[in-house]
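By convention here, the first residue in the shown sequence is residue 1.
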Amino acid sequence: MEKILADLKKTMNTAVKKSGELLEVTKLKMAIAGTQNEVQAEFVKLGELVYLMAKSDDKPSEDAEEIIAHIDTLKEKISELEANVAELTAKKICASCGKICEETAGFCSACGAKFEA
């Protein structure tokens, strides 16, 4: 009976740990999606700014440079979040294209790059 209870306790602890990991992965994926939406909004602002500059024959403004810098910062944040997801899900990230792949993969499923052993 004690062995059954010990096994049950071990199983429950594993389930709690897995559900915690799943919750963390879900939070990270939601943060990634939100940041990607923010990047898209910045691209829209940048596009509108470039359009207005082209219509008036102006040179790129400081506003454009600030938007570009913000986009770069957001993309770095996405990469960090994706690295956290890969770590929590025992996966790896392709150095060539950034795709999250299975830990056992020899090649990236998106771009075909070979993973180092």
Return the NZ to CD distance between K45 and E48, rounded to the nearest 0.5 Å. 10.0 Å
For residues 20-39, which residue pairs pass the side-chain hydrogen bond (donor to acceptor under 3.5 Å, both in side chains) check, not counting sequence neighbours? none
First locate atom OG1 of T104, then atom CZ of F115, and finally report the distance between them rounded to the nearest 0.5 Å. 10.0 Å
So, for A64 and M53, which heavy atoms are closest and what is the spacing to 0.1 Å? CB-CE, 4.5 Å
Determine, using the 4.5 Å side-chain heavy-atom cutoff (strictly less than), whether V50 and I68 are members of one ILVMFWY cluster. yes
Taking the side chain as everything from C-beta on, heavy atoms only, tell me whether C94 gets closer than 4.5 Å to C111. yes
Output for pair (T14 OG1, M12 CE), nearest 0.5 Å, gives 11.0 Å
If hydrophobic clusters are built from ILVMFWY residues whose side chains come within less than 4.5 Å, do L22 and L28 share one? no
For I100 and A86, the nearest pair of non-hydrogen atoms, with its separation, is CG2-CB, 4.5 Å
Nearest 0.5 Å please: distance from the CD atom of E65 over to the CD1 atom of I67. 10.5 Å
Please report the C-alpha distance between C97 and C108 in whole Å, then the side-chain angles of each, then the deciding distance to 0.1 Å, and finally whether the side-chain contact (heavy atoms from CB on, under 4.5 Å) criterion is met. CA-CA 9 Å; C97 71; C108 176; 3.6 Å; yes
With hydrophobic residues grouped by side-chain heavy-atom distances under 4.5 Å, do L46 and L52 end up in a single group? no
Can you establish whether the number of heavy atoms outside K92 located under 6.0 Å from its atom NZ is more than 12? yes
Could you report the tightest heavy-atom contact between S109 and C101, atom names first, then the distance? N-SG, 3.9 Å
What residue pairs, at least two apart or across chains, pass salt bridge (charged side-chain N to carboxylate O under 4.0 Å, His left out) with a residue in residues 101-117? K91-E102
Any chain of hydrophobic side-chain contacts (each under 4.5 Å) joining F107 to I93? no
Exercise answer: donor-acceptor pairs, residues 71-80 side-chain atoms, under 3.5 Å, sequence neighbours excluded:
from, atom 1, to, atom 2, distance (Å)
T73, OG1, A69, O, 3.0
S79, OG, K75, O, 3.3

